Each structure stands twice: as C-alpha cells, then as structure tokens.
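Structure record follows, encoded as structure tokens.
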Amino acid sequence: MTALLEIRDLDVRYGDFQALFGVGLRVERGQALALVGANGAGKTTLLRTIAGAIAPVRGTVRYDGEDITGAPPHRRIQRGIALVPEGRRLFPSLTVEENILVGAAAAASAAWPLERIYEVFPLIAGRRRHRAAQLSGGEQQAVAIARALAAAPSLLLLDEISLGLAPKVVSQLYGTLTALRESGATLVLVEQDLGRALNACDDVVCLLEGRVALTAATSVGRAEVVAAYFGNRAEGPR
C-alpha cells in the first residue's frame, strides 16, 4: 500500500550546520503522526522540508506516490500539503475571514468552504470581521489552522499549535483536531506536550539531535518515548 507521505534518508543543512541526518518516516492516509523531541531536535526543520521551504541535500520526499523532493512550495500546496507554522504568521491588518481566504486562494479542492470551517471553529465564527491583530492567542491559532484548512489539504502539518496558550484554549484546539481526524484528515503534529501528542495520534516519531531515535505506535507507552526523547536518560518532559 502506498503511504500518503514517505521520507527516506533525509539530510538537511543550514550552511555548514547539519540539522537532519538520514531521517525517514512514513504516514498512511488518515493517520495522525506525533513528531516529538527536545528543542533543536529538528522537528520544525523536518516540517519545513516536507512543505518545501527547505531543500534537502540528500534523500527523498514522496507524497501520494510521487517524488516531490524538488517541487516548490506552491506546487506542494496545490497537491494538498499545508503547513500551520509555529508562531501563526497571520496578516495582522487583515480580518479573520481575509486571512482564511488567503489559504483558499491556492486550494487543492473546494472541500473546505468558509461555512464548514466556521462550523469546525466556533472559536472564531463570531470574529470573522475582526482584524487578526485584535484576536487572542488562541483565536489567532485557530485562524492559522483554518487558513491551512481552506487550502483543502490531504496532509496537514502542525507546528507547536499549543505553544504559549492557556490549557482551556489548548483543549479547544485539540477538540478541533479530533473533528479533523474524524473527517479523514492526515496529520503530522509537532508538540512539546508529550501527553497530548500521544493521546491525539496513532504513531510517534522521536527525533534526537537530528536523527530518528524512535518510531512506534503511541501505545508503546510514555516511558519508552521519554527514554528516546532524552537519549535513554531516566527523567522525562513534564
């Protein structure tokens, strides 16, 4: 069976600094993969490479059976890959709806019209005419995910969506991810909160200093993931 996303032997550099070493992973259609690891492990670099923002020096990225290693970012969006970046990166002077429509401009299909997006994101449904700069952090994060959904992706890459948010807001956002999964979405989720990541996903890949330290089903248990996270240290993230 062809995986929706398959990465093989990926090396990525920033000048003389190598960020990823021979990374490989596989994501089946409809699956949710948690990508975990300490700060600097290479998680964001891997997501940006999948999205086409960074070109690897070695290895391949295959999407739905096609080698897209050399494809530019706009081509990947049209093929159905969308990234929700760390830090949201909204247009502050645009309204909620205008920000979402930016994503819709490159939509792979009409699967996520505005009405459906507002149903999934009641947090922002009543704020559609407000400028992004006027929103709370949680509302801005919801808009960032909604903007990515407007592109009708088959693969949604989410980078640290809970960072800096109150626990109640994080729970609301994760409720949205549950709804997306029920609709058949395929997710790759970078998350520092190990408990939430394992509960929300089917499989986990742990990166350690740019290398894959663990690939397993999330049922493997927290202790084994923690050991990989810290290179077999006894204590784990809180």
Side-chain angles (χ1 to χ4, degrees), residues 14 32 34-36 39-40 43-54 72-78 80-181 183 185 187-193 196-197 200:
Y14 295 99
L35 185 60
V36 302
N39 289 338
K43 306 181 300 295
T44 293
T45 294
L46 181 53
L47 288 195
R48 295 187 67 210
T49 304
I50 296 169
I54 302 173
H74 72 271
R75 171 63 176 155
R76 301 187 195 208
I77 294 172
Q78 292 167 351
I81 299 174
L83 171 65
V84 180
E86 181 183 353
R88 300 143 200 168
R89 299 185 187 178
L90 301 177
F91 295 99
S93 63
L94 299 185
T95 66
V96 165
E97 194 152 298
E98 288 168 341
N99 269 281
I100 294 172
L101 290 174
V102 169
S109 74
W112 284 93
L114 282 171
E115 295 77 12
R116 186 183 181 193
I117 288 173
Y118 288 135
E119 286 177 6
V120 174
F121 289 93
L123 184 65
I124 58 173
R127 305 277 277 165
R128 64 186 72 184
R129 305 302 178 202
H130 289 71
R131 293 183 180 180
Q134 299 173 309
L135 305 180
S136 68
E139 289 168 340
Q140 289 181 2
Q141 191 62 274
V143 174
I145 300 173
R147 180 180 60 187
L149 278 183
S154 299
L155 176 64
L156 186 59
L157 311 172
L158 301 126
D159 194 1
E160 300 282 13
I161 62 169
S162 68
L163 191 65
L165 301 181
K168 181 179 179 179
V169 176
V170 175
S171 294
Q172 290 176 315
L173 290 174
Y174 269 81
T176 300
L177 296 189
T178 299
L180 295 181
R181 293 216 56 200
S183 74
L187 310 177
V188 177
L189 173 68
V190 166
E191 177 59 81
Q192 287 288 352
D193 187 328
R196 286 192 184 274

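Computed over heavy atoms, backbone and side chain alike; hydrogens, waters and symmetry mates excluded. Just so it is clear, the structure is predicted and the values come from calculations on it, not from any experiment.
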Would you confirm whether [X], through its side chain, and [Y], through its main-chain N or O, come within 3.5 Å as a donor-acceptor pair?
X      : Y      : value
Asn99  : Leu90  : no
Glu86  : Asp159 : no
Gln78  : Arg75  : no
Glu191 : Ala34  : no
Arg128 : Thr95  : no

Considering all heavy atoms, the nearest [X]-[Y] contact:
X      : Y      : answer
Trp112 : Ala152 : CD1-CA, 4.0 Å
Ala146 : Ile124 : CB-CD1, 4.1 Å
Pro153 : Ala148 : CD-O, 3.3 Å
Ala197 : Val36  : CB-CG1, 4.2 Å
Ser183 : Arg116 : CB-NH2, 3.6 Å
Gly138 : Leu165 : N-CD2, 3.5 Å

Rounded to the nearest 0.5 Å, how far apart are [atom1] of [X] and [atom2] of [Y]?
X      : Y      : atom1 : atom2 : value
Glu97  : Leu114 : CD    : CG    : 5.0 Å
Ile145 : Gln140 : CD1   : CD    : 12.5 Å
Ile161 : Leu173 : CD1   : CG    : 5.5 Å
Asn39  : Thr44  : CG    : OG1   : 9.0 Å
Ile50  : Ile81  : CD1   : CD1   : 7.5 Å
Leu158 : Leu83  : CG    : CG    : 8.0 Å

Side-chain heavy atoms of [X] within contact of [Y], under 4.5 Å:
X      : Y      : result
Phe121 : Ile100 : no
Arg196 : Ser171 : yes
Gln172 : Leu123 : yes

Checklist entry - Which pairs count as salt bridge (Lys or Arg N to Asp or Glu O under 4.0 Å) when at least one residue sits in residues 172-181, sequence neighbours excluded? => result Arg181-Asp202
Item to check | All pairs passing salt bridge (Lys or Arg N to Asp or Glu O under 4.0 Å) where residues 136-157 contributes a residue, at least two apart | outcome: Arg127-Glu139
Checklist entry - Between Ser136 and Gln141, is a side chain to side chain contact (heavy atoms under 4.5 Å, CB included) present by the stated rule, with each step listed? => result CA-CA 9 Å; Ser136 68; Gln141 191 62 274; over 6 Å; no
Item to check | Flag if over 12 foreign heavy atoms under 6.0 Å of CZ, Arg89 | outcome: no
Next on the checklist: Please evaluate residues Leu189 and Leu157 with respect to the criterion side chain to side chain contact (heavy atoms under 4.5 Å, CB included), reporting the C-alpha separation (whole Å), side-chain torsions for both, the decisive distance (0.1 Å), and the verdict.
Outcome noted: CA-CA 6 Å; Leu189 173 68; Leu157 311 172; over 6 Å; no
Next on the checklist: Checking Val143 against Phe91 for the side chain to side chain contact (heavy atoms under 4.5 Å, CB included) test, could you report, in this order, the C-alpha distance in whole Å, the side-chain angles of both residues, the deciding distance, and whether it holds?
Outcome noted: CA-CA 11 Å; Val143 174; Phe91 295 99; over 6 Å; no
Checklist entry - Does a donor on one side chain sit under 3.5 Å from an acceptor on the other, for Tyr174 and Ser162? => result no
Item to check | side chain to side chain contact (heavy atoms under 4.5 Å, CB included) between Val96 and Arg129, worked out | outcome: CA-CA 6 Å; Val96 165; Arg129 305 302 178 202; over 6 Å; no
